[in-house]
Amino acid sequence: MVTHLYLGVIILAVFATTVANTDIQVVCAKASVRITWRISAEMVPHAARLFLGSCMPSQLNVLPTGEGEAHFNYQFADCKFKRLMKGKRLLYQNELTYRPQSKTKPAAFVYPIECVFKRPEGWVPPFLNPGSGVSEGRGGLVFHMALLNEQLTGIAKTNVIPLGSFMPIWAAVEQKSHQPLLLLMDECVAATTPELQPGSQVYPIISNKGCLLESVRTNSMFLPRYHSSAVILYLQSFRFGPGEEVYIHCNLVAWDPEGLDESKKVCHYVKESGSWELLDDPSRSALCSCCDSTCKPRAKRGVEWESHSFSHKSVLGPLIVVDPSDSKAHNIPQVSVNSS
């Protein structure tokens, strides 16, 4: 046992003296990555403890100098790569590590790997394809609403939300044979019941025809769209019935993309500029100026296109917002999140 620990210390010491000279080259391809990690002669015998995520080197070459080159040639579907969607970019992330001890122990060296690509035009994440989640038809349209995970790569697996963290709420409309439509979140409130009653306690999130009130009070925002028929509300969790079940009630509207006005819009407050911004065309953010007062439609446009709009009341929940510092938070059972 003593010998084992002693050898572990030697290995760590050798690595610490050579890591400064480590040469790592990363080549990102369309669906894969090629990494060459040049290591010292002292590290060559320990190359089996080098990892890309969960993968060992696919090849090791020993150079005439005694140094080594560990090659990692893998698909993004391998090695536990994380895929993230951020605005107009697709990111694949992982880590190169050196683990002289078992994987349960911290890595002695960590080097982040990231491949960034421009999101293909019209690209839709697989989990957002029509048919996912609970939906309902209205006028030939199918509406969806769901809670996403932190990486925006799939549906959330838990309904327990730490206070202050973000809840990515995705909504979409499946258009089928309709003309292209723009999905709007006309109004959203939080409540402690799955059905709103006259005496229900509610907390306004979006009101005044598409104004995200929470973007003024917190860091909430709308994320850039990946398609006109979907929107992601990046909502920062807040105190509302702590430890109680919370339901998000939203009125979703499918609308003519060319018919934006004060009553048909998606606006959030940008603290850096101290002003409201129109998600779909910041150059027309004047449509959001009414968010501090009362937003009224331009009558002619509203009447002309009213027959082309479809709305659907959707409910997401139950969600449970907990304070991580509360010892009782760890005992709250997790259940699936439903939408209707």
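Residues F109 and W37 bring their aromatic ring centres within 6.0 Å. Ring centers of Y92 and F81: at least 6.0 Å apart, outside the cut-off. You'll find the ring centres of F238 and Y203 inside the 6.0 Å limit.
Between L148 and I232, the shortest heavy-atom contact is CD1-CD1, 4.0 Å. The shortest non-hydrogen separation linking V44 to G66 is CG2-O, 3.6 Å. In terms of heavy atoms, A47 sits closest to L60 at CB-CD2, 3.7 Å. When every heavy atom of M185 is checked against every heavy atom of I206, the shortest pair comes out as O-CG2, 3.5 Å. For the residue pair R217 and P204, the shortest heavy atom distance occurs at NH2-O, 2.8 Å. Nearest heavy atoms, G164 versus Q236: O-NE2, 3.0 Å.
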Kindly indicate, with the supporting measurements, whether the criterion side-chain contact (heavy atoms from CB on, under 4.5 Å) is fulfilled by L233 and I248. CA-CA 12 Å; L233 168 60; I248 306 296; 5.9 Å; no
Determine, step by step, whether C28 and C115 satisfy the disulfide bond (SG atoms under 2.5 Å apart) criterion, reporting the C-alpha distance in whole Å, the side-chain angles of both residues, the deciding distance to 0.1 Å, and the verdict. CA-CA 6 Å; C28 298; C115 291; 2.0 Å; yes
Going through the checks in order, is the side-chain contact (heavy atoms from CB on, under 4.5 Å) test met by C290 and W276? CA-CA 9 Å; C290 64; W276 290 90; over 6 Å; no
Stepwise side-chain contact (heavy atoms from CB on, under 4.5 Å) check, E214 with L235: CA-CA 8 Å; E214 277 301 288; L235 182 66; 3.8 Å; yes
Evaluate R225 against L182 for side-chain contact (heavy atoms from CB on, under 4.5 Å), listing each step before the verdict. CA-CA 10 Å; R225 294 185 191 263; L182 186 70; 3.7 Å; yes
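Other residues, nucleotides and ligands contribute more than 12 heavy atoms inside 6.0 Å of the CD atom of Q151. Counting non-hydrogen atoms of other residues, nucleotides and ligands closer than 6.0 Å to CD of Q59 gives a total above 12.
Proximity of a side-chain donor or acceptor of Y269 to a complementary backbone N or O of G274 within less than 3.5 Å is detected. A donor-acceptor pair is defined here as one N or O able to donate and one able to accept, closer than 3.5 Å; such a pair exists between the side chain of S237 and the backbone of P162. Side chain of N94 to main chain of C79: a donor-acceptor pair is present (N/O by atom type, distance under 3.5 Å, no hydrogens or angles). Within the 3.5 Å criterion, the main-chain N or O of N73 finds no donor-acceptor partner in the side chain of R34. In this structure, the side chain of H312 does not engage the main chain of V142 through any donor-acceptor pair within 3.5 Å. Side-chain atoms of S285 never come within 3.5 Å of backbone atoms of E277 as a donor-acceptor pair (strictly under, hydrogens ignored). A side-chain donor-acceptor contact under 3.5 Å links N159 to the backbone of P318. Counting only distance, with no hydrogens or angles, the side chain of H268 and the backbone of L212 share no donor-acceptor pair below 3.5 Å. With hydrogens and angles ignored, the 3.5 Å screen pairs a side-chain donor or acceptor of K265 with a backbone N or O of K209. The backbone N or O of T218 sits less than 3.5 Å from a side-chain atom of K271, completing a donor-acceptor pair.
SG atoms of C250 and C188 are separated by less than 2.5 angstrom, consistent with a disulfide link. At least 2.5 Å separates the SG atom of C211 from that of C295.
Considering CD of E114 and CD of Q93, their distance stands at 4.5 Å, rounded to 0.5 Å. Atom CG in N61 sits 4.0 Å away from atom NE2 in H71 (nearest 0.5 Å). Taking CE from M221 and CG from N219, the interatomic distance works out to 6.5 Å, rounded to the nearest 0.5 Å. Atom CE in M167 sits 6.0 Å away from atom CD1 in I161 (nearest 0.5 Å).
Only one option out of L183, L223, I169 pairs with V231 in a side-chain contact (heavy atoms from CB on, under 4.5 Å); it is L183.
Under the 3.5 Å distance criterion, with hydrogens and angles disregarded, no donor-acceptor pair is assigned to the side chains of E95 and T97.
Relative ring orientation between Y234 and F166 is described as parallel, the plane-to-plane angle staying below 30° on a 0-90° scale split at 30° and 60°.
Neither V216 nor V189 shares a network with the other; the hydrophobic side chains, linked directly or stepwise wherever heavy atoms of I, L, V, M, F, W or Y lie under 4.5 Å apart, form separate groups for each.
F72 places none of its side-chain heavy atoms less than 4.5 Å from the side chain of I113.
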